[in-house]
Enquirer: 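Pasting a structure below so you can have a look.
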Amino acid sequence: MYSIWVINFNMSGDSDLEIEEAFRRAQKAHNNKAKLVASLKNRYNKLEDKTEFHEEFIRCLKYAMIIYTREPAVENVIDFVTKFAASFETPVNEEEEEEENEFLNFLFCFLLESHGANSHAVRFRVCQLVNKLLGSLSENAQIDDGLCDRIHEAMLIRVTDKYPNVRIQAALAMARLQDPSNSDCPTIKAYVLLLENDSNPEVRRAVLSCIAPSVTTLPKIYKRTRDVKEKVRKLAYQVLAEKVHIRALSIAQRVSLLHEGLSDSADSVKEVVKTHLLPAWLRLLQGDVLQLLHKLDVENCAETAVTTLHAIFSMATSPDDLLQNGVRLDERKLIPVDSLTCENVLYWRALCEFVKSKGNEGEELLEQLLPEAAIFAEYLCSYLRSITGLSEEQKADMTQLEIAMTQEFVGQQLIILVGCLDTSEEGGRKRMVAVLQEILVMPKTPTSLIGLLVEKLIGLLRDETQKIQMVAEIISDVREPILPISAPVDENEKRRKQVRLAEVRVQIMEAKQNLEECISCQDFSRAAVLKDSISQLEELKNQLTLEASQPADSIKEQRVEKSDPETLLKCLTMCAELFKQINIKRGICPTMNALIESLILPSVSNPNPAVRNMAVICLGTAALHSKDLANTHLVLLLQITQLDEPKIRISALRALIDQLLLNGLNILQDKSAPISQAPDSPDNSNGQPEQQTEEESTVQSILKMLSEFLDSEICELRTETAEGLAKLMYCGRILSPKLLSRLVLLWYNPVTEDDQRLRHCLGVFLQLYSRASRTNQECVEESFLPTMRTLFNAPVTSPLSEVDASNVAELFVELTRPSALVQPAAIQAVSVHDSLAVRICNEILRDVSAPEVRLYCKTLSWLEINTEPGPANSELQLLLKDILQEVKDKYCTRVIEKLCNQLNGDRGSKSGGNQDTTLLTLDENPGGQKKVSTAKNGKKASKAELSSDEGDEENVPEAPPSVRPSRRAKIAALDKTKQDLTALMNQEANGS
């Protein structure tokens, strides 16, 4: 009773204590802040002179504003202040608006005067309060234009603050100050700058959460779906799903969003695309999946559309949902030919593949979606027969060309559906095989469908010999079809028949004259004989006339060899697909060898580029089946890589890389030689020296050629070469520090900035390669100095002069870290960093006055060097002492001395001292946060600061899910962890 009376007395008698008591109570989460706000506002309204109230309110608020950490008590006070200030807002139509908003304006003015404080905690709390105050105002709230401009200017300054949390709150505070319709809006420009350049992912997330989509900002939001941080990508997809209409995106953007989102490395991003983006788009399209496919232009992105459909199907709750929104099948379980479109046939195919992937669970549903194999075979044949070939004139007509491409696409999807059919029944399987054979032989079958048809045909056959024989027969029928041939008649025979016909006519005329004479002489018996003779001659004349009227040529059926480009392209496509499907261990059979000799090799020199390209692909694929064949035609492939058109050169290069991956660099050796043996292994010395020298020269010429291709002006050839070398090095076929140095320089070269495939390939390769084994890390170590020398010696005109050598050195340090290995060595030996440190020290001693010595010393400070006593430690200490004696640069001297102290064993005490200092600093400034760069990880200071900044993040707009504890457990935990402002307030009160 006594304590309650004291509180009541203080509240009624002393306004200072009243404000202080309100702040004390506001720290407790269980107190009703609405009552505190109402009580304090009631007291405020009774005062005539509010200056004293303002001063006391600000004094109490300052205690919370100096605390940087997100303490529950401080956050509760901030929320209380926000609610109290927002309670003064009145509707716009009331008269005494300015007087009622006096406190709100006063609070804003105080915050704006404090936003430039030296303490980052104060700056953070200022931006947080401005953000919360603006967010708590109603939609139609109005503030003074001058005040609004001041707020705008202050927050524009704070979005460039050093501390991420300050930038986050400043960005959130400007959400209501942006004007999306104005292309010159400073807030929009600041948001775009942060999205593209801010190094902290939480800042980028904060901007994404509040930026308004517009013509200017939409490309920037879209670009964040490719952010390096998973959380940023996830939020970007959420923003696009909630705020952007599908029509605002181009077809390429829609396809890219689905392709990259559903294939993202992070499961959370995939889930957002499935549960947010796709449902949002379907809602805008009234749930019409076929309309969504139409928005994606499925003819040019079939695989992305199929992946999208599978994602939609995976969210279905029952099999009926899959059947309701899909295609309409007739009683034969087929789509009528007249109703086939790109969208419904792709939906049909994707649904069948999805159901078939369910195994036994989907058998019943699959029976409702597909007919028997024999029925589908006739359906497929009837549609493919309806595809009309285009003449050269029709190909120039875009309308005719689009119709033909649509027909080919539909046919392609129907052929893929063959893989979903139940072919266990022998009759249906044989009928499907016969139909596929018939379609392949048809002259009108498009070349684009040949490979797929052969793949399905081979898949239906069980015996490999039968597969080879059947495809060979089809190739023979296509290349040498049976055609009707007309054989010419001899001209002498033709003239003889004409003479005979003329003789008969003359005989008829003579007989008729004799008949008239006999009749006039009344010699009736001879007249009867002449009459019979005339009848016979007439019959003979008719017969001869009929023979003369018939074509002179006789029709015969005969096989005729066709050598036009279209026919050869079809045959080579079938041949390539056959070599792909046949087991590589089978080898080359006589039938395959006959195809190589009669079809593939002659086509390599064909004048048509498409035919030559397919012939090179066939030759490269066939060479994988036989090492002898590869040895025979290796020189031919090497010549093609250097002399032909770019596309054909790339095909030959791929074939060469495949050979090296399969057989290694000993491809020219005998079959008895081990395949996995490296060319420079000591065992290679056994044998004839001349043969070994010849093989080594061939290998060196191949590597030299590949190295030259890395400098090719043809982007595709350069990328293919880099990817091939990366595969060879990762598989252990090549161990070359020089080539690795070339790949690193190619990755950093500004010339390859737009080559996304090359950058992505090399970026993944360098990480995987260095982590795979200690041997690979040693190769990376050996390539360090050649790479750095190339950068330092690059002329000003070279693009490499723009590369940041410090960043390259940091990359090598990260790649060679012992802790980065997937399987660290069981026995602790000299680490790669120890060897690298020795190399760097020797390089420094070569010329201590060189400008790159500073960078080398900085690199030494990043290394994880073993401090245990040993020969390596002693050697390194001797080198460091030599450097200290010769180097004059103060920075280099300081770094080397620090490294010497670490090697001498002072590292533990130094780390302990740093730790004590850090704890002391944090104790002295509980609201601050100190950035400490530890020597343990060997990273540079800027890297440590970046890590500290990222650790300084806050989850804006969502927090990770957690299990909710009981109320008693929460209170106990809060009592242990909370920071109470009462002690600080009492301390100052007692001091005063």
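Just so you know, residue 1 is the first one in the sequence shown, and it goes up from there. The structure presented is a predicted model; accordingly, all values stated were derived computationally and were not measured.
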Enquirer: For His294, look at atom NE2 and say whether over 12 heavy atoms of other residues, nucleotides or ligands are found less than 6.0 Å away.
Expert: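 Not more than 12 within 6.0 Å, no.
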Enquirer: Hey, what's the ring geometry for Phe376 with Tyr379, parallel, tilted or perpendicular (30° and 60° as the breaks)?
Expert: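 Tilted.
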Enquirer: Can you name the closest pair of heavy atoms from Gln413 and Leu346 and give their distance?
Expert: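 Here Gln413 and Leu346 meet closest at OE1-CD1, 3.3 Å.
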Enquirer: Of Arg718, Arg759, Arg757, which meets salt bridge (charged side-chain N to carboxylate O under 4.0 Å, His left out) against Glu723?
Expert: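 Output: one option passes, namely Arg757.
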Enquirer: Enter the distance from Leu384:CG to Leu449:CG here, rounded to the nearest 0.5 Å.
Expert: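 Rounded to the nearest 0.5 Å, the CG-CG separation comes out at 6.5 Å.
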Enquirer: Strictly distance-based, threshold 3.5 Å: is any side-chain N or O of Ser136 a donor or acceptor partner for the main-chain N or O of Lys132?
Expert: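 Here the side-chain-to-backbone pair exists.
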Enquirer: Does the Tyr237 side chain pair with the main chain of Leu257, one donor and one acceptor, at a distance under 3.5 Å?
Expert: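 Side chain of Tyr237 to backbone of Leu257: a pair is present.
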Enquirer: Treating Asn749 as the side-chain partner and Thr752 as the backbone partner, does any N or O pair qualify as donor plus acceptor under 3.5 Å?
Expert: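 The answer is no, because no donor-acceptor pair under 3.5 Å joins these two groups.
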Enquirer: Verify whether one side chain among His259 and Thr307 offers a donor that lies under 3.5 Å from an acceptor in the other.
Expert: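 Looking only at side-chain atoms, Thr307 and His259 do not form any donor-acceptor pair under 3.5 Å.
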Enquirer: Quick check: does any side chain N or O of Arg150 sit under 3.5 Å from a backbone N or O of Leu112, one acting as donor and the other as acceptor?
Expert: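 No, Arg150 side chain to Leu112 backbone: no donor-acceptor pair under 3.5 Å.
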Enquirer: Tell me every residue that passes ring pair (Phe, Tyr, Trp, His ring centres under 6.0 Å) with Phe313, counting only those two or more places apart in sequence or in another chain.
Expert: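 Per chain and number, Phe313 pairs via ring pair (Phe, Tyr, Trp, His ring centres under 6.0 Å) with Tyr347, Phe354.
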Enquirer: Mark yes or no for whether Thr719, through its side chain, and Cys715, through its backbone, hold a donor-acceptor pair below 3.5 Å.
Expert: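 Confirmed, Thr719 side chain pairs with Cys715 backbone.
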Enquirer: Show me the side-chain donor-acceptor pairs of residues 124-131 shorter than 3.5 Å, one per line, residues at least two apart or across chains.
Expert:
{"residue": "Arg125", "atom": "NE", "partner": "Ile67", "partner atom": "O", "Å": "2.8"}
{"residue": "Arg125", "atom": "NH1", "partner": "Glu75", "partner atom": "OE2", "Å": "2.7"}
{"residue": "Arg125", "atom": "NH1", "partner": "Gln128", "partner atom": "OE1", "Å": "2.7"}
{"residue": "Arg125", "atom": "NH2", "partner": "Ile67", "partner atom": "O", "Å": "3.1"}
{"residue": "Arg125", "atom": "NH2", "partner": "Thr69", "partner atom": "O", "Å": "2.9"}
{"residue": "Arg125", "atom": "NH2", "partner": "Glu75", "partner atom": "OE2", "Å": "3.4"}
{"residue": "Gln128", "atom": "NE2", "partner": "Glu75", "partner atom": "OE1", "Å": "3.0"}
{"residue": "Asn131", "atom": "ND2", "partner": "Gln169", "partner atom": "OE1", "Å": "3.2"}

Enquirer: Quick one: list whatever passes side chain to side chain contact (heavy atoms under 4.5 Å, CB included) with Lys243, sequence neighbours left out.
Expert: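 Applying side chain to side chain contact (heavy atoms under 4.5 Å, CB included) to Lys243 gives Pro213, Val239.
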Enquirer: Crowded around Lys647 NZ? As in, over 12 foreign heavy atoms under 6.0 Å?
Expert: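 Result for NZ/Lys647: open.
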Enquirer: If you define the side chain from C-beta out and look only at heavy atoms, does anything of Leu282 sit under 4.5 Å from Leu292?
Expert: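 With C-beta onward as the side chain, the pair touches.
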Enquirer: What's the verdict on salt bridge (charged side-chain N to carboxylate O under 4.0 Å, His left out) for Glu230 and Lys234, showing C-alpha distance, side-chain angles and the deciding distance?
Expert: CA-CA 6 Å; Glu230 171 188 341; Lys234 178 181 175 182; over 6 Å; no
Enquirer: If I take atom CG from residue Asn200 and atom CG from residue Leu194, how far apart are they, to the nearest 0.5 angstrom?
Expert: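 Asn200 CG to Leu194 CG: 10.5 Å, rounded to 0.5 Å.
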